[in-house]
Amino acid sequence: NAHYYKSQCLIFYKEFFKAKEDLIYVYKQGNSKFSEKVLSQLCDIYHYEEQDWNNAFTSYQKLYHIAEYRSNKTKAIKGLSISSYELEKYKTCIKYGKLVLDSNEYQVSEDNYLVQFYMAKSYYDLNKLDSAYQLFDSLSIDQNNSFSVEAFYWKTMIHFKNAEYDTCKKLCYYFISDIPTNEYWRVRCFILLADIFSIEHNNYQAKATLESILENYTGDDLRSIAKEKLDSIIKEEKPSILFKIYFTTQNSLRICIKS
């Protein structure tokens, strides 16, 4: 009991690393009235404090099998979905996600939306675009969930990957003008539009779009992407110039420029 109460005091004071040692000790003592709670707390530390996805995944698995409280069972499934995705175990993410989607218990809830989103991302990364699209589309239609904006972007991205450029452009314009969102995702759509303009050989519009991002957006992450794409377009536009230098029969130097 001493280790348990010590761990709770340390957690109260946000000394998570120190608390982890006592939580592990309590859990290793075997089944007790504290087992489920300390395992749930270990999951939180591995997941939210350390982003230690291997230990998070293992702990969530254990929690899923021993949980008696519905809230902990739900928490375990959510955690397994997220940690398996972070570990690039996409098929495992989908497996646990289906447990949620097939259960009436979780319908129309943020838990459902979260798992559905990670399933969609898993399908996307497995290049199973049809399955990914169905889930992203469902999420994007329902504006009441926190994943609708990002889901709409990835749905648009699937049209791009399928070379459906006209549809992709229409969705980008709609996204930019009509969907309330933060600047990050709006800029991602502008970058996607620039890619389409480049594919359509409309370099003027592609450059103008990317230059606008560099002039108005402050985030380094997307600015670096826009700068790289702009530099690539400019480089491709420059004609290659070949210099041929030789001496004439009169020993005077001549330079022939061929583009």
Please say yes or no: joined through hydrophobic side-chain contacts below 4.5 Å, possibly via intermediate residues, are [X] and [Y] part of one cluster?
X      : Y      : answer
Tyr85  : Tyr48  : yes
Leu87  : Val115 : yes
Val38  : Tyr69  : no
Met119 : Ile141 : no
Tyr133 : Tyr165 : yes

[X] (side chain) donor-acceptor with [Y] (main chain) under 3.5 angstrom:
X      : Y      : value
Glu36  : Glu68  : yes
Ser81  : Ile77  : yes
Ser140 : Asp137 : yes
Asn162 : Glu164 : no
Asn203 : Glu237 : no
Asn145 : Asp142 : yes
Glu49  : Asp44  : no
Lys75  : Ser40  : yes

- Could you go through the side-chain contact (heavy atoms from CB on, under 4.5 Å) check for Tyr204 and Phe197 one step at a time? CA-CA 8 Å; Tyr204 176 82; Phe197 293 140; over 6 Å; no

Search all heavy atoms of [X] against all heavy atoms of [Y] and return the closest pair with its distance.
X      : Y      : result
Leu63  : Leu39  : N-CD2, 3.4 Å
Ser122 : Cys93  : OG-SG, 3.2 Å
Ile158 : Leu129 : CD1-O, 3.8 Å
Arg186 : Ile176 : NE-O, 3.3 Å
Ile213 : Ala226 : CG2-CB, 3.9 Å
Ile45  : Phe16  : CD1-O, 3.7 Å

Could you check if a side-chain atom of [X] sits within less than 4.5 angstrom of a side-chain atom of [Y], using non-hydrogen atoms only?
X      : Y      : value
Asp221 : Tyr184 : yes
Phe160 : Lys169 : no
Leu192 : Arg188 : no

- Task: Test salt bridge (Lys or Arg N to Asp or Glu O under 4.0 Å) on Glu15 and Lys20 and set out the steps.
- Result: CA-CA 9 Å; Glu15 297 281 353; Lys20 184 173 68 173; over 6 Å; no

- Item | Tyr174 vs Phe152, ring pair (Phe, Tyr, Trp, His ring centres under 6.0 Å): CA-CA, chis, key distance, verdict | CA-CA 10 Å; Tyr174 174 74; Phe152 193 99; 5.8 Å; yes

- Just wondering, are more than 12 heavy atoms of other shown residues or ligands nearer than 6.0 Å to CG in Asp130?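 It does not: Asp130 CG has 12 such atoms or fewer within range.
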
- Task: Please step through side-chain contact (heavy atoms from CB on, under 4.5 Å) for the pair His65 and Lys73, ending with a clear verdict.
- Result: CA-CA 8 Å; His65 290 296; Lys73 182 75 76 172; over 6 Å; no

- Item | Plane angle bin for Tyr96 and Tyr64 - parallel if under 30°, tilted between 30 and 60°, otherwise perpendicular |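 Tyr64 vs Tyr96 ring planes: perpendicular.
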
- Message: Would you call the rings of Phe34 and Tyr4 parallel, tilted or perpendicular, taking 30° and 60° as the class edges?
- Response: parallel

- Message: Before you tell me yes or no, could you show the steps for Lys161 and Asn127 under side-chain contact (heavy atoms from CB on, under 4.5 Å), namely the whole-Å CA-CA distance, both residues' side-chain angles and the distance that decides it to 0.1 Å?
- Response: CA-CA 10 Å; Lys161 288 175 74 73; Asn127 205 36; 4.2 Å; yes

Within this structure, what is the [atom1]-[atom2] distance for the pair [X] and [Y], rounded to the nearest 0.5 Å?
X      : Y      : atom1 : atom2 : answer
Cys172 : Ile196 : SG    : CD1   : 5.0 Å
Leu171 : Tyr153 : CG    : OH    : 12.5 Å
Lys121 : Asp125 : NZ    : CG    : 6.5 Å
Tyr13  : Gln8   : OH    : CD    : 13.5 Å
Gln116 : Lys98  : CD    : NZ    : 13.0 Å
Ser198 : Lys207 : OG    : NZ    : 10.5 Å

List, one per line, each side-chain donor-acceptor pair under 3.5 Å for residues 54-62, sequence neighbours excluded.
unit_1: Asn55; atom_1: ND2; unit_2: Asp52; atom_2: OD2; d: 2.8
unit_1: Thr58; atom_1: OG1; unit_2: Asn54; atom_2: O; d: 3.1
unit_1: Ser59; atom_1: OG; unit_2: Asn55; atom_2: O; d: 2.9
unit_1: Tyr60; atom_1: OH; unit_2: His47; atom_2: ND1; d: 2.8

- Message: Side chains of Ser7 and Gln41 only: does a donor on one sit below 3.5 Å from an acceptor on the other?
- Response: no

- Task: Answer yes if the side chains of Asp178 and Tyr173 hold a donor-acceptor pair under 3.5 Å, and no otherwise.
- Result: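 There is no such pair between these side chains.
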
- Item | Close aromatic pair by centroid cut-off 6.0 Å: Phe136 and Tyr123 |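 No.
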
- Lys/Arg-Asp/Glu bridge criterion (N-O < 4.0 Å) met for Lys235, Asp231: no

- Task: Using a strict cut-off of less than 4.0 Å between a Lys/Arg side-chain nitrogen and an Asp/Glu carboxylate oxygen, indicate whether Arg223 and Glu228 qualify as a salt bridge.
- Result: no

- Query: Passes side-chain contact (heavy atoms from CB on, under 4.5 Å), Thr167 versus Thr156? Steps please.
  - Reply: CA-CA 8 Å; Thr167 301; Thr156 305; over 6 Å; no

